[in-house]
Amino acid sequence: MKLIVSLFVLFFATSAYCEDINITADKKVEWHQKTQKMVAIGNAVASKGGMSIKSNTLTGYYQGGNKQTKGKIKQVIANGNVKMHTPRADAFGDNLDYNLETDTAILIGNPAQIKTDKETISAQKNITYYPSEQKAVAIGNVSATDKQGNQIFSDKMVAYFKKDKSAEDSMSLDKVNIFGNIKIITPDAEVTADKGSYLPSSGLVKLFNNVIINQQGNILKGDKAETNLNTGISKLIAKDKQSKVMGVFKEKKQ
């Protein structure tokens with residue numbers, strides 16, 4: 001399950017200039033030269049290549065420029081029915097605040113949601129991307145689901161990206177750390193824990209503290225576990241020589 005939250009990378013990876021972004025709206029587009037901002041109202045759309053942001057209202061704040069040019073954008077705020085589209089993913093929320101000065105892109109919704117053709121990630125509070133750190137954070141009843149029926153739930157997920165060697169200027173998911181009330185549901189088992197990590201390259205989820213594996217009524221308890229989302233196999237591991245794993249196995253009826 002590749003928890004994709006990289007559309008922020010895809011949309012904002014290059015420098016943002018007003019002359020590079022097409023802005024349209026059903027009602028009006030205003031240029032406020034004194035306050036250095038542009039406001040698009042009514043089904044507003046900001047597009048660049050195959051990528052776009054749609055919302056009820058779009059406001060772009062910029063710096064520099066002159067009477068002929070509007071300078072470099074430093075912040076973009078989208079309010080109401082936000083829809084972001086890239087060739088690889090789509091995002092949905094109530095508000096988006098992308099601030100180049102603070103190096104953050106915050107998607108807020110009930111829930112904030114990102115979808116690809118393979119998976120969906122949702123967060124009740126927000127999903128924030130930090131471009132220079134190549135990191136994304138989803139907070140608040142976070143859930144991630146893939147087409148194989150695997151689901152991961154937690155209070156918080158932190159995803160780290162790395163440059164993709166197969167494509168120039170492309171990013172791929174490197175690791176996801178998971179915190180609080182973790183529940184993993186696969187077609188074969190349900191696993192709960194306090195914290196964990198996910199490695200997309202191997203499909204391996206490592207879980208720690210208060211781990212419980214329920215596999216078709218068979219219960220295993222311990223301090224550490226590994227779940228392979230590719231094979232559906234879960235295993236419990238003793239953290240040291242003094243620790244033990246515990247199990248309750250359900251007898252099958254003849």
Side-chain angles (χ1 to χ4, degrees), residues 1-14 16 21-27 29 37-61 73-146 151-161 171 173 176 178-181:
M1 180 190 292
K2 295 183 178 179
L3 311 179
I4 302 298
V5 281
S6 59
L7 79 167
F8 293 116
V9 181
L10 297 171
F11 194 87
F12 297 114
T14 56
I21 300 175
N22 295 317
I23 299 177
T24 62
D26 286 352
K27 291 185 178 180
V29 177
K37 69 178 182 181
M38 292 189 69
V39 181
I41 301 172
N43 291 322
V45 180
S47 59
K48 183 177 182 179
M51 298 163 283
S52 65
I53 300 175
K54 298 180 181 179
S55 64
N56 295 344
T57 304
L58 274 171
T59 304
Y61 296 89
I73 287 181
K74 61 180 182 180
Q75 185 177 15
V76 176
I77 297 176
N79 291 312
N81 298 312
V82 176
K83 297 179 182 179
M84 296 180 64
H85 171 76
T86 76
R88 295 185 183 179
D90 293 290
F92 307 88
D94 299 323
N95 301 284
L96 169 69
D97 184 347
Y98 176 62
N99 192 315
L100 282 77
E101 293 187 325
T102 60
D103 191 39
T104 57
I106 305 173
L107 180 66
I108 299 172
N110 191 23
Q113 194 171 70
I114 294 178
K115 293 183 178 182
T116 73
D117 58 348
K118 295 181 179 179
E119 56 273 317
T120 299
I121 183 168
S122 300
Q124 290 292 333
K125 189 173 181 181
N126 61 58
I127 300 174
T128 304
Y129 178 63
Y130 303 86
S132 65
E133 297 181 44
Q134 298 176 14
K135 178 178 77 172
V137 181
I139 299 175
N141 295 324
V142 183
S143 65
T145 307
D146 67 12
Q151 295 176 291
I152 297 179
F153 301 89
S154 68
D155 295 334
K156 180 179 178 180
M157 291 186 188
V158 182
Y160 298 89
F161 302 90
M171 307 290 287
L173 191 62
V176 179
I178 317 166
F179 305 94
N181 297 306

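All values derive from a computational prediction rather than experimental measurement.
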Can you name the nearest heavy-atom pair linking Ala138 to Val142, along with the distance?
-> O-CG2, 3.4 Å
Minimal heavy-atom distance between Thr24 and Val29, with the atoms involved, is C-CG2, 4.2 Å
Of all heavy-atom pairs between Gly109 and Asp94, which one has the smallest distance, and what is that distance?
-> CA-OD2, 3.4 Å
Roughly how far apart are Tyr98 OH and Asp103 CG, rounded to 0.5 Å?
-> 7.0 Å
CD1 of Ile77 to OG1 of Thr57: how many Å apart, nearest 0.5 Å?
-> 11.0 Å
Ile139 CD1 to Lys156 NZ distance, which is reported to the nearest 0.5 Å = 5.5 Å
Of all heavy-atom pairs between Lys135 and Tyr160, which one has the smallest distance, and what is that distance?
-> CD-CE2, 3.6 Å
Lys74 charged N/C atom sitting above Tyr61 aromatic ring, 6.0 Å / 45° = no
Asn56 and its side-chain hydrogen bond (donor to acceptor under 3.5 Å, both in side chains) partner, picked from Asn79, Asn81, Asn43, Asp26 = Asn81
Least distance between heavy atoms, Ala40 atom then Ala25 atom | CB-CB, 4.0 Å
When rounded to the nearest 0.5 Å, the distance separating CD1 of Ile114 from CD1 of Ile127 is 4.0 Å
Single hit among Lys83, His85, Met84 for side chain to side chain contact (heavy atoms under 4.5 Å, CB included) with Ser52 | His85
From CD (Gln124) to OG (Ser143), nearest 0.5 Å | 8.0 Å
Shortest non-hydrogen contact from Leu107 to Val82?
-> CD1-CG1, 4.4 Å
Could you tell me the separation between the CG atom of Asn126 and the OG1 atom of Thr104, rounded to the nearest 0.5 Å?
-> 10.5 Å
